[in-house]
Structure formats: C-alpha cells, structure tokens
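Following: one structure in structure tokens, then a few remarks.
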Amino acid sequence: MMSGDDYAVFLRNDQFDSAGGAAARSSELVLVPEPTRLDRMRHAIEAIDWTPDLGARIGSRDWFRGAATCTALLCATWALSPGFARPIAGETPKALSSTAWDNARAQAIAPLAWGADTGQRMAANDLVRPLGETPDRPHLPFSSAMSDGDSLAALLRRAGAAKADVAAISDMVANALPLDEIRPGTRFDGVLGPRAHKSDPRPIETLSFQPAFDFRLIISRTANGLSMQRQAISVDDTPLRIQGLAGASLYKSLRAAGVPSTAAADYLKAMATRISLGSDVTAGDPFDIILKQRRAATGEVEIGDIVFAGLDLGGRKVQLVKWAGQDSDDEDGGGDWYDANGGETRRQGFVGLPVNGRVSSAFGMRMHPILGYYRMHKGIDIACPYGSPVYAVVDGTVNWAGYKGGYGNFIGILGSGGVGTGYGHLSRIAVRNGERVSRGELVGYSGNSGLSTGPHLHFEVYRGGETVNPRGFSFSTMAALTGSALRAFKAKVADLLAVRPGTAR
C-alpha cells in the first residue's frame, strides 16, 4: 500500500481502456505520480499571459502585468544600449589608390550622374576618319492620322513630302472621292524615298490609307511616276441584336449591354411614345434592340442606327420597327416607328411621358405644397433627377420659351388641331420661340425653377386652349400598309426577328 503523498489512485475501467472492445470489462488501479512543486510552478508560469493587449481592459490586473512587462523590456534595452552620445567603433576601409579608384569609378553608377565621363577608352588610330556630316537614311517610313480640320495636303507636307508629290497625290485622290469626305482619324502609312541633298524634300515612295469603310487607296511610285490603286474591301451589312433585362435603369442596362449612347437614347424616345418608362417598366422586363452594323474584312466594325426596339412588359409586348418605305434603304436613319403587329401599323402622336420618371402628382384639385390652399393642378408632376432630358411629345411650333411666373422656366409647344403641350420648372431650355420641333426632339432639361419643392417636370396638355388630363389624352393616326408595301414591311420584320442575339444574321 502506497501513501497518497506520492501517487494519485485512479480506477481504470473499459471507458479508459485503450484496447476497447466489449469484452474489456475488468477494472484495475492506475497509479499516477503526484506533480512536484517545481512542476506546479512551471505550469502556473506558463498559464500567465505576460504580454496582454494594453489597449483592452485598461486598469485590470492583466493590464498592469503587461505594463510591467513593457517597462521591464524598455529598461533592459536602455541598460544594454551603448548610449546616444557614445558612437559604436567600426573599422574604416583604406582609401583606394588612383588606378583602383579609376577602375571602381568606371564600374560604379557614378558615371551616369557625372555625364558618363569616366571609364577606360580606346584612343583613335589612323584608321579612324571623322565624318563631315551624318549619312542620310535612304528610306524613311512615316505614319500619321488626320485630325479635325486637317487636310490631305497639310498632312503630307508635315511628313516631309515634296511639293510636286503633294499636288499629284491630292489630284489622284480627288478623282476617287471628295477630299473633304476623308474622315478624321484616318491613318496614313507611307514611305519617303531618298533625296539628292538634305535640304531637299523627300519624294513619296508608297502611301496607303483607307478613306472609306469599303475601300483602300494604295499609291506607289513606278518608273512612270506615281500611280494609284483602289483596293476594294468586302463589307458585310448585318444587323446586331442585343437583349437583356431592364434592371434598375433601362438606359444604364442598355449601355452596359453594349448599346451606343445615341442608340440607347433613340430607343427610350421610341418607347416613350408607347408606354410610360417610369411606371410601366419593371426591373425584370426583357428588352430587345437591333442595330445596323457593318463589318469589314479588315476587322473594322461600324455600328449604325437602331432599326428595331422591343420590350416585354409581361402582359404585352411592345415591338417597334423603323420603316421609311419599301423604295428607301433608309441610309440616313430616317423613317417612322411602326408597331410590328402584322398588316396594320399604328403611329401614335402621344402615349407616355416626356421625361423618364414617375408621376408624383396627378391632374385635378389638390393642396398646393407652397401656397397652402386648394387649387386646380392643371397638369401632372413627373418626379425625375435634376437635369433629366425632356422631349417633345407632339410635332409643333414653340410659342413660349422662357420664364413664366410660378412655372419657372417654361416651354409651350402648339401642335396641329389646336393641341398644345407645356413643360414647366425646367433647369435649362434648349429651343427658341418660333422654332419648329418634332415629336421625340430634345427641348429642355428638368429642374426646380419657379414654385417648386424639388426637381421634377410639370407637364400640361391643352386642347382648344383648355387644359386636359395628360394621362387620359391621346391621339394617333393609323397607317395601313397594303399590297407590295405590306409585303415588304412583313419581310423586313421577319428578317429582323430572325437575327440571333449577339450575332449577325
């Protein structure tokens, strides 16, 4: 029997048996030595946190222990340091001799700072003869781009071409196309040939540039002088179809999908004649847009006008096609928007809102937010960010463009049939009195002028000189296509809808 001072007695059964198993049910005594005082002290010291965070639990026992540790370390560092006024002795290298110093200086970085006047050089011998002047390069390539307001002749003169060559090339290019039709940004690549004297201008050996999308001009010097060759570039006129979701901002979603800014603005203006962009469109509505596109064999891509605008509102689809007639190729982007709903297409004069926003105040009697009493609200208020573009919703003539009392900056447009529209609280006016405007044309920017509590657009509609509710007013003209025009329109719609998204036809 051993005393408890030397050993601790434990009962080991099957739960502590390392062998395990259902048969290991016997119990036995396990004797564990009692830890000594040194072991207990070592374990206690190891459990102490000597370097606690001094930024936490300030004033606690652990914090004072950490402060004492930090103070002890600082005192030990001070005690072991040689002092601030006593320098540490070190061996100074012996100075280099003159030859060793020159060799070391030639290989150091110092020559770069001293103008590279060091190093060992080889003296010139009798085989070295100084040149009277540097030789002229026999051929000098150049590359230049035409800027705005630039001309072909000025570009060639800046490159150093001879005056006779500049005149000859200008005449040859003028026979291929008018010189003022060369687009800014066109790049000219050429080579200037040798000259008799350095003071003489160089003759042009070759010159190549692409003045138009579908051909390139190559000018070269032959035994008979300069000659020009027109090199045709095959172009594939294929539309580009882009689809996506409207998201939080239809314009930003169009731009993020790769639609150019002008085409995105045209899309919104076309849709604004059919729906209210502020209230009818939700984030999950898919949009569909088809643009003109030209792809050259050399790799250039040219994006043109919008020819199809679609928007799926869930319950109904809005599909608009730009149509200028069966005898027109619509190269200038003209034509009107027609509904792609079969044989009969409708062109509406006004449906929707003149600005992208939501209706915040309806037509009728209301408590005026500034004057504080009930009065007739002769239009609707459309909440929108400050400076949002405002578009005309009807064709007409501007009969008011300026400040108008409580309306602030105001635009009045008188259309046909005694129908007029008014746009108030503008920040900026973009039209003048007497100016003729078209439906969808930019006329101003929303603001907060006049009696207004925040940025918005006040929109009014007049008929016979009396205001009417803009949300309940619409007028449209019907354009029924028949015969060959109807067949051509249906063929164009089917051709456009057959384009796969993101690819050519």
Side-chain angles (χ1 to χ4, degrees), residues 134-240 258-263 266 291-307 329-334 503-505:
T134 57
D136 197 10
R137 297 178 60 180
H139 296 89
L140 183 64
F142 71 94
S143 180
S144 181
M146 181 172 289
S147 58
D148 291 333
D150 202 355
S151 65
L152 175 62
L155 184 143
L156 295 177
R157 285 195 298 267
R158 289 196 305 270
K163 184 177 181 180
D165 290 348
V166 172
I169 292 176
S170 298
D171 293 339
M172 286 189 293
V173 174
N175 293 329
L177 80 162
L179 296 180
D180 55 359
E181 291 186 4
I182 300 178
R183 300 169 297 178
T186 302
R187 181 159 294 278
F188 292 77
D189 298 312
V191 177
L192 299 176
R195 53 189 173 181
H197 304 285
K198 281 190 175 183
S199 59
D200 297 337
R202 289 178 176 268
I204 291 182
E205 293 289 332
T206 60
L207 181 66
S208 174
F209 65 101
Q210 186 176 341
F213 195 77
D214 55 352
F215 70 91
R216 171 178 289 274
L217 296 179
I218 301 175
I219 300 173
S220 58
R221 183 173 298 277
T222 63
N224 298 325
L226 292 173
S227 63
M228 185 178 69
Q229 177 186 1
R230 182 184 177 119
Q231 186 180 68
I233 300 175
S234 54
V235 177
D236 187 15
D237 294 318
T238 58
L240 174 65
V259 180
S261 58
T262 54
D266 292 341
L291 306 167
K292 290 182 179 180
Q293 178 185 232
R294 304 181 72 197
R295 299 185 299 174
T298 53
E300 293 88 355
V301 178
E302 189 178 70
I303 303 296
D305 298 323
I306 176 175
V307 294
D329 55 4
D330 192 20
E331 289 296 332
D332 57 352
T503 62
R505 186 175 343 204

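Quantities reported herein were computed from a predicted structural model and do not represent experimental measurements.
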For residues 200-214, which side-chain donor-acceptor pairs fall under 3.5 Å, sequence neighbours excluded?
from   : atom 1 : to     : atom 2 : distance (Å)
Asp200 : OD2    : His197 : N      : 3.4
Arg202 : NH1    : Arg137 : O      : 3.2
Arg202 : NH1    : Gly193 : O      : 2.9
Arg202 : NH2    : Asp136 : OD1    : 2.8
Arg202 : NH2    : Arg137 : O      : 3.0
Ser208 : OG     : Arg216 : NH1    : 2.9
Gln210 : NE2    : Ala212 : O      : 3.2
Gln210 : NE2    : Phe213 : O      : 3.2

Heavy-atom pair of closest approach, residues [X] and [Y]:
| X | Y | answer |
| --- | --- | --- |
| Leu179 | Ala174 | CD2-N, 3.9 Å |
| Leu291 | Ala263 | CD2-CB, 3.6 Å |
| Leu152 | Met146 | N-CE, 3.6 Å |
| Ala159 | Leu192 | O-CD1, 3.1 Å |
| Ala176 | Leu217 | CB-CD1, 4.1 Å |

Are any of the side-chain heavy atoms of [X] and [Y] separated by less than 4.5 Å?
| X | Y | value |
| --- | --- | --- |
| Ile219 | Val173 | yes |
| Arg221 | Asp165 | yes |
| Ile169 | Met172 | yes |

Any residue meeting salt bridge (charged side-chain N to carboxylate O under 4.0 Å, His left out) with Arg158, in chain and number order, not counting sequence neighbours
Asp150
Results of side-chain hydrogen bond (donor to acceptor under 3.5 Å, both in side chains) for Ser143 - residues two or more places apart only:
Arg187, Asp189
Would you compute the distance between atom OG1 of Thr262 and atom CG of Asp305 and round it to the nearest 0.5 angstrom?
7.5 Å
